[in-house]
Undergrad: 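I have a structure I would like to understand better, so I am pasting it below and will then ask my questions one at a time.
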Amino acid sequence: MEALWVVFPVLQHVLLYEADHDMPPFDAILESLRSSLAATLGSFAPLAGKLVHLEETGDVGVSCSASDGVRFVVAECDTDIGRLAGDEEHDLRVLEGLVPEVDMSQLPAPVLAVQATRFQGGVAVGVTVHHGVADGRALWTFVEAWAAVCRGETPATTPCFDRSLVKLPGGEELARSVLRKVAPNLPSVAPPSSLVEERKRFTRRTFTLDAGDIQRLKQRIVHLAESHGAPLPRPPSTFTAVVALAWTCFARCKPFSSEDDAQLFFFADTRDCLDPPVDAGYIGACLTGSLSKLPVPELRGDHALAAAASEVQDKINKVKEDPVAGWNFFTLIPDACLDRIMNISGSSGFRAYEVADFGWGKPRRTEPITMNHDGQVALMRSRDGQGVQVSVSLLQPAHMDAFKSSFLELLK
């Protein structure tokens, strides 16, 4: 599961905090962040290490020792943090400068780097982590622990790095065979050039669904399914409903032919589905991929939301039945059309805002930075803890305008 991510290494998030009367001076914030990070790494030691190539065996592993440390970047920015945190459309040039730049194309490569940026009216905390060592859930587990230590509290979750808990047939030899295929030029692990796009070319916007929006969306999906004579086996989950909405909007905002299908790819966290389940504190990449297709006319029809929700629900059920079937998501690529696929990352259950209080309140805004696909959607729980934040990346501004129009129309 992790070997696949050696060539797709960068996972980045930025947290934006606006100053209020409770925010300490920047120098005090720096000292708190540094000291608490050092203390937290005592329990998360592999994150302070390096990803290395072991020539004798062909493995890639994490090398860590007592002398390791994490690069801590300090920067300043003259942008209005209130505008940056409040705008629906992203200022990518600024946002990308708020996370530490790390070269992970050659091993050995750092696992983690962090950045603190001073604004006139606040501060940003940026995190870059290697996806081969931590997925989104693991990243937020680490941030939660770091923030707790910064507040002077004990982290709620004990981290676990025991890879033997995730059992796949073939074990270590399977991992080596994956590495030979995806990274044949080790220690070089540069991603294929065909899969690298300039992020600055994309238009990015963030939409937020509150609890009322989600409830109405779920009710509408149930009603549409029943009126179409194909009731859902159970009410849609929040993830299912939001992904169905995004997929429907994607199919309507792009100039696809009516003879095409619109595709959907998402990762599922399999920790809770494995037998036995993996502890919530497991720090690693524990993901399985899923690919869906529906005819474009179906996603543009009156019952589109119900059709999309039914397909997503079916894929989730298959993951629960066999949580490791889609571990090698590379095998899905031949069936995928990159021009017609929406890629979902993150989760509507990620409590990013709730866990990232370092002692001066919840972030005003948090965003993923590495959204580098025309049709990528990133999900997390919204700031109020009740809704869902939906960040969307599209190549053409006109497509984004059409996406927004459909999004708002379907929520009425």
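Throughout, numbering of the chain's residues begins at 1 and tracks the sequence.
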Undergrad: Just by modelled atom types, is the A251 backbone N or O under 3.5 Å from a matching donor or acceptor in the R300 side chain?
TA: yes
Undergrad: Within 45° of the axis and under 6.0 Å from the centre of the six-membered ring of F403, does NZ or CZ of R252 qualify?
TA: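 The answer is no; the distance or angle limit is not met.
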Undergrad: Is there a salt bridge (Lys or Arg N to Asp or Glu O under 4.0 Å) between D260 and K254 once you walk through the steps?
TA: CA-CA 11 Å; D260 288 336; K254 295 274 219 164; over 6 Å; no
Undergrad: What about the rings of W146 and F44, do their centers lie closer together than 6.0 Å?
TA: no
Undergrad: Would you check, one step at a time, whether the test salt bridge (Lys or Arg N to Asp or Glu O under 4.0 Å) holds for R137 with D135?
TA: CA-CA 6 Å; R137 182 167 170 180; D135 55 17; over 6 Å; no
Undergrad: Looking at S105, is its backbone amide N or carbonyl O close enough to the side chain of D103 to form a donor-acceptor pair, meaning the two atoms are under 3.5 Å apart?
TA: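 Pair found, side chain donor or acceptor close to backbone of S105.
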Undergrad: So, D213 and K412, do they make that salt bridge, N to O below 4.0 Å?
TA: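 Judged by the 4.0 Å cut-off on N to carboxylate O distance, D213 and K412 do not form a salt bridge.
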Undergrad: Do the non-hydrogen side-chain atoms of R340 and V296 ever get within less than 4.5 Å of each other?
TA: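 R340 vs V296: side chains apart.
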Undergrad: Can you measure from CG (D357) to CG (L15) and round to the nearest 0.5 angstrom?
TA: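 It comes to 11.0 Å.
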Undergrad: Check the pair R383, Q389 against side chain to side chain contact (heavy atoms under 4.5 Å, CB included), reporting the backbone distance first and the verdict last.
TA: CA-CA 8 Å; R383 191 173 188 272; Q389 177 176 305; over 6 Å; no
Undergrad: Are the side chains of I29 and Y17 in contact, using a 4.5 Å heavy-atom criterion?
TA: no
Undergrad: Is there a side-chain contact between L332 and Q263 in this structure, where contact means two heavy atoms from C-beta onward sitting under 4.5 Å apart?
TA: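 Not touching, per the 4.5 Å side-chain cut-off.
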Undergrad: Do any N or O atoms from the side chain of D374 and from the backbone of L395 form a donor-acceptor pair under 3.5 angstrom?
TA: yes
Undergrad: Determine, step by step, whether E2 and V178 satisfy the side chain to side chain contact (heavy atoms under 4.5 Å, CB included) criterion, reporting the C-alpha distance in whole Å, the side-chain angles of both residues, the deciding distance to 0.1 Å, and the verdict.
TA: CA-CA 10 Å; E2 294 173 330; V178 170; over 6 Å; no
Undergrad: Check whether N185 reaches the backbone of S188 with its side chain - one donor and one acceptor, N or O, closer than 3.5 Å.
TA: no
Undergrad: When you look at Q313 and L232, which way does the side chain to side chain contact (heavy atoms under 4.5 Å, CB included) test go after all the steps?
TA: CA-CA 9 Å; Q313 201 172 71; L232 298 174; 3.9 Å; yes
Undergrad: I'd like to know if the side chain of S63 and the backbone of V52 have a donor-acceptor N/O pair within less than 3.5 Å.
TA: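 No; judged by distance alone, with no hydrogens or angles, the pair does not exist.
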Undergrad: Using side-chain hydrogen bond (donor to acceptor under 3.5 Å, both in side chains), reason through K218 and T240 one step at a time and then give a plain yes or no.
TA: CA-CA 9 Å; K218 291 179 178 180; T240 295; over 6 Å; no
Undergrad: Are V243 and L379 packed together at the side-chain level, in the sense that at least one heavy-atom pair is separated by less than 4.5 angstrom?
TA: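 Yes; the side chains approach each other to less than 4.5 Å.
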Undergrad: Quick one: does R365's side chain have a donor or acceptor within less than 3.5 Å of a partner on A85's backbone?
TA: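 Indeed, once roles are kept as given, a pair shorter than 3.5 Å links the two residues.
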Undergrad: Any side-chain heavy atom of E226 sitting closer than 4.5 Å to one from L224?
TA: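 The answer is no; the side chains never approach within 4.5 Å.
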Undergrad: Can you tell me how far SG of C249 sits from CG of L305, rounded to the nearest 0.5 angstrom?
TA: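 Between L305 CG and C249 SG, I get 8.0 Å after rounding to 0.5 Å.
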Undergrad: I'd like to know if K50 and D68 make a salt bridge, using a cut-off of under 4.0 Å between side-chain N and carboxylate O.
TA: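 No, this pair does not count.
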Undergrad: Show your reasoning for whether side-chain hydrogen bond (donor to acceptor under 3.5 Å, both in side chains) applies to S292 and E311.
TA: CA-CA 7 Å; S292 294; E311 175 65 16; 3.1 Å; yes
Undergrad: Apply side chain to side chain contact (heavy atoms under 4.5 Å, CB included) to residues F161 and Y282 and explain how you reach the verdict.
TA: CA-CA 6 Å; F161 292 87; Y282 179 80; over 6 Å; no
Undergrad: Assess whether atom CD of Q120 is packed by more than 12 heavy atoms of other residues, nucleotides or ligands within 6.0 Å.
TA: no
Undergrad: From Q215 CD over to L209 CG, what is the distance, rounded to the nearest 0.5 angstrom?
TA: 12.5 Å
Undergrad: If you take the centroid of each ring, where Trp contributes its six-membered ring, are W5 and H130 closer together than 6.0 Å?
TA: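 No; W5 has its ring centre 6.0 Å or more from that of H130.
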Undergrad: Taking it one step at a time, do Q396 and T203 satisfy side-chain hydrogen bond (donor to acceptor under 3.5 Å, both in side chains)?
TA: CA-CA 7 Å; Q396 300 295 337; T203 300; over 6 Å; no
Undergrad: At their closest point, which heavy atom of P368 faces which heavy atom of A378, and how far apart are they?
TA: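 Heavy atoms only, the tightest pair is CG-CB, 3.5 Å.
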Undergrad: Looking only at atom types and distance, does a side-chain atom of Y353 sit under 3.5 Å from a main-chain N or O of T366, one as donor and one as acceptor?
TA: yes
Undergrad: I'd like to know if the side chain of D314 reaches the main chain of N317, judged simply by a donor and an acceptor atom lying under 3.5 Å from each other, with no hydrogens or angles considered.
TA: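 No, D314 side chain to N317 backbone: no donor-acceptor pair under 3.5 Å.
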Undergrad: Counting C-beta onward and ignoring hydrogens, is there a side-chain heavy-atom pair between V189 and L107 closer than 4.5 Å?
TA: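 When only atoms from C-beta onward are counted, L107 and V189 do touch, with a gap below 4.5 Å.
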Undergrad: Counting only heavy atoms from other residues, nucleotides and ligands, does the tally under 6.0 Å from NZ of K181 exceed 12?
TA: no
Undergrad: Do M1 and C286 have side chains that get closer than 4.5 Å, going by heavy atoms?
TA: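 Touching, per the 4.5 Å side-chain cut-off.
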Undergrad: More than 12 heavy atoms of other residues, nucleotides or ligands under 6.0 Å from CD of E153: is that the case?
TA: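 Yes, because the 6.0 Å sphere around CD of E153 holds more than 12 heavy atoms from other groups.
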Undergrad: Quick one: does V99's side chain get under 4.5 Å of V127's, heavy atoms only?
TA: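 When only atoms from C-beta onward are counted, V127 and V99 do not touch, as no gap falls below 4.5 Å.
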Undergrad: When rounded to the nearest 0.5 angstrom, what distance separates CZ in F256 from CG in D339?
TA: 8.0 Å
Undergrad: Does the separation of the ring centres of F266 and F329 fall below 6.0 angstrom?
TA: no
Undergrad: Report yes or no: does D322 contribute a side-chain atom to a donor-acceptor pair with the main-chain N or O of V319 at less than 3.5 Å?
TA: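 Side chain of D322 to backbone of V319, a donor-acceptor pair under 3.5 Å: no, none is there.
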Undergrad: Less than 4.0 Å between a side-chain N and a carboxylate O, is that true for R271 and D279?
TA: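 Salt bridge: no.
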Undergrad: As a test of understanding, state which of E88, E89, E409 forms a salt bridge (Lys or Arg N to Asp or Glu O under 4.0 Å) with K404.
TA: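 The residue from E88, E89, E409 that satisfies salt bridge (Lys or Arg N to Asp or Glu O under 4.0 Å) with K404 turns out to be E88.
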Undergrad: Kindly check if the number of other-residue, nucleotide or ligand heavy atoms within 6.0 Å of CG (D78) is above 12?
TA: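 Check fails, neighbour count at 12 or below.
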Undergrad: Between the side chains of S391 and T206, is a donor N or O closer than 3.5 angstrom to an acceptor N or O?
TA: yes
Undergrad: Is the side chain of T248 donor-acceptor paired with the backbone N or O of A244 at a distance under 3.5 Å, no angle test?
TA: yes
Undergrad: With a 6.0 Å cut-off (strictly less than), is the heavy-atom count around CD of Q219, excluding the residue itself, greater than 12?
TA: yes
Undergrad: Show the nearest heavy-atom pair for residues V355 and R151, with the distance to one decimal.
TA: O-NH1, 4.4 Å
Undergrad: If you round to the nearest 0.5 Å, how far is NZ of K318 from OG of S290?
TA: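 That separation rounds to 8.0 Å.
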